[in-house]
Amino acid sequence: MSSLNNRWKSLLLSPVSLWTALFLASTATGLLASGAKASQSSIDASQRVVSVVPQAPVLSANTQATPAVSDRQALSPRLVASAVASDPLVQGAEIQPMLYAADAQEVEPSVLDQVTSVSQLTDVKPTDWAFQALQSLVERYGCIVGYPNKTYRGNRALTRYEFAAGLNACMDRINELIAAGTADLVKKEDLLAVQKLQEEFAAELATLRGRVGALEARTATLEKQQFSTTTKLNGLVWFNLSGAGASRDVTYEGPASGVNDAANGRFFTTRTNGQPTRQVTGSPEPTFSFLTWLTLNTSFSGKDNLVTQLSAGNGISPINQYASAGFFNAFGAPFTDQTAGTVNGRSDVVIHDLFYSFPVGDSIKVTVGPRVNWYRAFDFNRFTFFLTGSGSFDSIGSTQTNAIDRGSGAIVEWNINKQFRFAAAYLGENTEFLPSQFGFNTSSSPTFGLFGGTNTATAELTFSPSSTLNFRFLYNYSRIQAYGGQVGGAIGEPIPYGYVDAGPGFSENGVGGGLKYAYANTFTFNFDWLITPGFGIFGRYGFGNTNLKPIDKAVDVQSFQVGVGFPDLLKKGALGVVTFLMPMDIIRGDRYFAAGAGDGGTMYELEASYFYPLTDNIALVPAFYAIFNANNFDSNPTIFVGNLRAQFSF
């Protein structure tokens, strides 16, 4: 070991040996770096298929050819940095900047000065361990340059580009000296030392060549077998343990066929002698169900995103047994305790989202597609985001928007500045859980088309005076198609729940509701305020006016929500939320409700939930709901709902 150390120390005093040895080291470094790149390429290739972070990632960027760099320009750190940045092999890797901002201001490509004495380098001292080597290279060969401010900056990390530039300069200088007949400067002992080093490191270099060859083979295999160079998979999986109960039977409005079949009997309603048909039901049994979303994010430019989201689930939340027609998966139902497809309780795989987003300039994003998710762009609130905040259907957003969950059309989002954001959309109904055989999915049906069936137009302005306070003002216009002469159910917002018809005398025994469609205007205000890092408040208010056609009568409904949030409660990343809300208060037109008006009471809900992250990818979310005056019946007992959600993200 000591003899080897002595050899290296001797090389520091001999410039030819030093640079020749560095050339060998460069070869080894190049092999290692190539292997590292191959290994990184393997990792990147696999990561392009599966992302471990549940978020929409930025994918591979367009690459450019590495620019040609002349011998003189090669010594410019700025040009070297540019070459590194444009090298397709190293794009996406962590690259150390060649110069700090101050350096960039000082250095121009052609002003790196040749020094003739090491003493001209102000930051090189005789006590530096490499002083003698630098002195020899500068004064003996003249192939070391300094920065314009007469500094060498020897403590900076050396890139392969800088090494190549320096080595090339010294080799050119050595060749000039040899050609000029100054061969006495190249000493025999230097060449012998290099020869010995070659012999001693021959085995290591051979091993490195073998490792690189193996890595290249593995990389080629991965590139052939990977799903796509630009697609990443994100996933969300939920397990739901849910229960609901009340002190006595609960009254609801709906057909007799729904008494023992809440999953299929609450999607239309009837009248009996002009009045809504009423039923009673006992308590349901607890359930254990699942829901999963698998999202493929595909990018073609690094800035755009083609989203294909698949969904499957089999949940029928127990509280649905208490629901009036049109209230299914509404009041007190945990949002993730649902079925993804058109048949409740059957775990069909369906396309949940399908759209393409791309930027227009630096501040505008456009989203188009046959199944655009309205909730990705509108009515957001930091305390009611369903993954971490409030978790019931009623609490995660306004109960009065939107008549369309997913639709065909476009959304434009404009980040005007740090304080203002504007979003607008037009969507024709194309919802994955509504069966097309009953007339839904109107945007893809020639009978209705993109503009003739159920559709909505939305505009929202967000004002954020600070990072902790947001105000959102939303307007929504809806055209709602009637089915069986009734308007309501899953596309009933802003009614928002139940079913309306043309009034007493219609919907007798489920025949002839008397309506063709409805027009609606909805106004919603939404805010969240993080007062301290561990405490915040939020709220919503909505008002909707629905005009029933062809009878030209109006139904007016309002709603509100208030709540408090406790970020990082007991653990970093946790969130506790308590919210109180009124999902619907009928101001005018209760006589047109064939289901949903109850006995004139007003329903209220109290919800408490706690998001507790076990790891970065696993969380437990217990939640508790209390529903007062259920189905808008003052005479109904309070219903209690418990839900424990296990949430997995990848």
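Reckoned from all heavy atoms, side chains included, excluding hydrogens, waters and symmetry mates.
The shortest non-hydrogen separation linking T339 to G345 is OG1-N, 2.8 Å. Shortest non-hydrogen contact noted between S390 and S609 is CA-OG, 3.9 Å. Closest heavy-atom contact between N430 and S408: ND2-OG, 3.4 Å. Closest approach of D337 and G315 over heavy atoms only: OD1-CA, 3.7 Å. Residue R153 comes nearest to T151 through the heavy atom pair NE-OG1, 3.2 Å, listed as atom of the first residue, atom of the second, then distance. Between V237 and F650 the shortest heavy-atom distance is CG2-CE2, 4.1 Å.
Side-chain contact between L530 and R382: present, with at least one pair of heavy atoms (C-beta onward) separated by less than 4.5 Å. In this structure, F385 and I396 have side chains that are not in contact, with every pair of non-hydrogen atoms separated by 4.5 Å or more. The shortest side-chain heavy-atom distance between L233 and T295 does not fall under the 4.5 Å cut-off. With contacts defined as side-chain heavy-atom distances shorter than 4.5 Å, the pair L134/V124 qualifies. A 4.5 Å side-chain heavy-atom check between E413 and F378 finds every atom pair outside the cut-off. In this structure, the side chains of V307 and T298 stay at 4.5 Å or more apart for every pair of heavy atoms. Using a 4.5 Å heavy-atom cutoff, the side chains of V412 and I364 are in contact. Using a 4.5 Å cut-off on side-chain heavy atoms (C-beta onward), D405 and Y375 make contact.
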Check your understanding: What's the verdict on side-chain contact (heavy atoms from CB on, under 4.5 Å) for I411 and V372, showing C-alpha distance, side-chain angles and the deciding distance?
Key -> CA-CA 8 Å; I411 297 176; V372 178; 3.5 Å; yes

Point to revise | Stepwise side-chain contact (heavy atoms from CB on, under 4.5 Å) test for N234 and N297 | key: CA-CA 8 Å; N234 297 328; N297 294 284; 3.0 Å; yes

Practice item. Apply side-chain contact (heavy atoms from CB on, under 4.5 Å) to the pair L291 and S311, showing each step before the final yes or no. Key: CA-CA 7 Å; L291 178 67; S311 180; 3.9 Å; yes

Practice item. Start with the C-alpha distance between R371 and D353, add both sets of side-chain angles, then the distance that settles salt bridge (Lys or Arg N to Asp or Glu O under 4.0 Å), and finish with yes or no. Key: CA-CA 5 Å; R371 187 158 282 172; D353 291 2; over 6 Å; no

Check your understanding: Between F355 and R376, does a side-chain contact (heavy atoms from CB on, under 4.5 Å) hold up when you go through it step by step?
Key -> CA-CA 11 Å; F355 59 83; R376 286 178 180 253; 3.6 Å; yes

Exercise for review: Apply side-chain hydrogen bond (donor to acceptor under 3.5 Å, both in side chains) to the pair T336 and N240, showing each step before the final yes or no.
Suggested key: CA-CA 7 Å; T336 58; N240 285 280; 3.0 Å; yes

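The CG atom of L614 sits 8.5 Å away from the CZ atom of F648 when rounded to the nearest 0.5 Å. Distance check: N314 CG to Q338 CD gives 11.0 Å after rounding to the nearest 0.5 Å. To the nearest 0.5 angstrom, L310 atom CG is 6.0 Å from L296 atom CG. The CG atom of L236 lies 5.5 Å from the CG atom of L387; values are rounded to the nearest 0.5 Å. Distance check, rounded to the nearest 0.5 Å: CG of D528 to CG of N381 gives 4.5 Å. F300 CZ to T230 OG1: the interatomic distance, rounded to the nearest 0.5 Å, is 6.0 Å.
Ring-centre distance between F386 and W293: below the 6.0 Å cut-off.
Relative to the ring axis of Y612, K571 places its NZ or CZ within 45° and under 6.0 Å from the centre.
By the 30° and 60° cut-offs, the orientation of the rings of F239 relative to F288 is perpendicular.
Panel note: side chain S464, backbone S467; no donor-acceptor pair is recorded below 3.5 Å. Side-chain atoms of N417 come within 3.5 Å of backbone atoms of F420 as a donor-acceptor pair (strictly under, hydrogens ignored). In this structure a side-chain-to-backbone donor-acceptor pair under 3.5 Å is missing from S117 to Q120.
Between the side chains of S466 and T468, a donor-acceptor pair is found at a separation under 3.5 Å. S299 and D304 share a donor-acceptor pair across their side chains, judged by distance under 3.5 Å alone. In the model, T367 has a side-chain atom that pairs as donor or acceptor with a side-chain atom of S357 under 3.5 Å. Q647 and W238 share a donor-acceptor pair across their side chains, judged by distance under 3.5 Å alone.
The number of heavy atoms from other shown groups lying within 6.0 Å of CG (N155) does not exceed 12.
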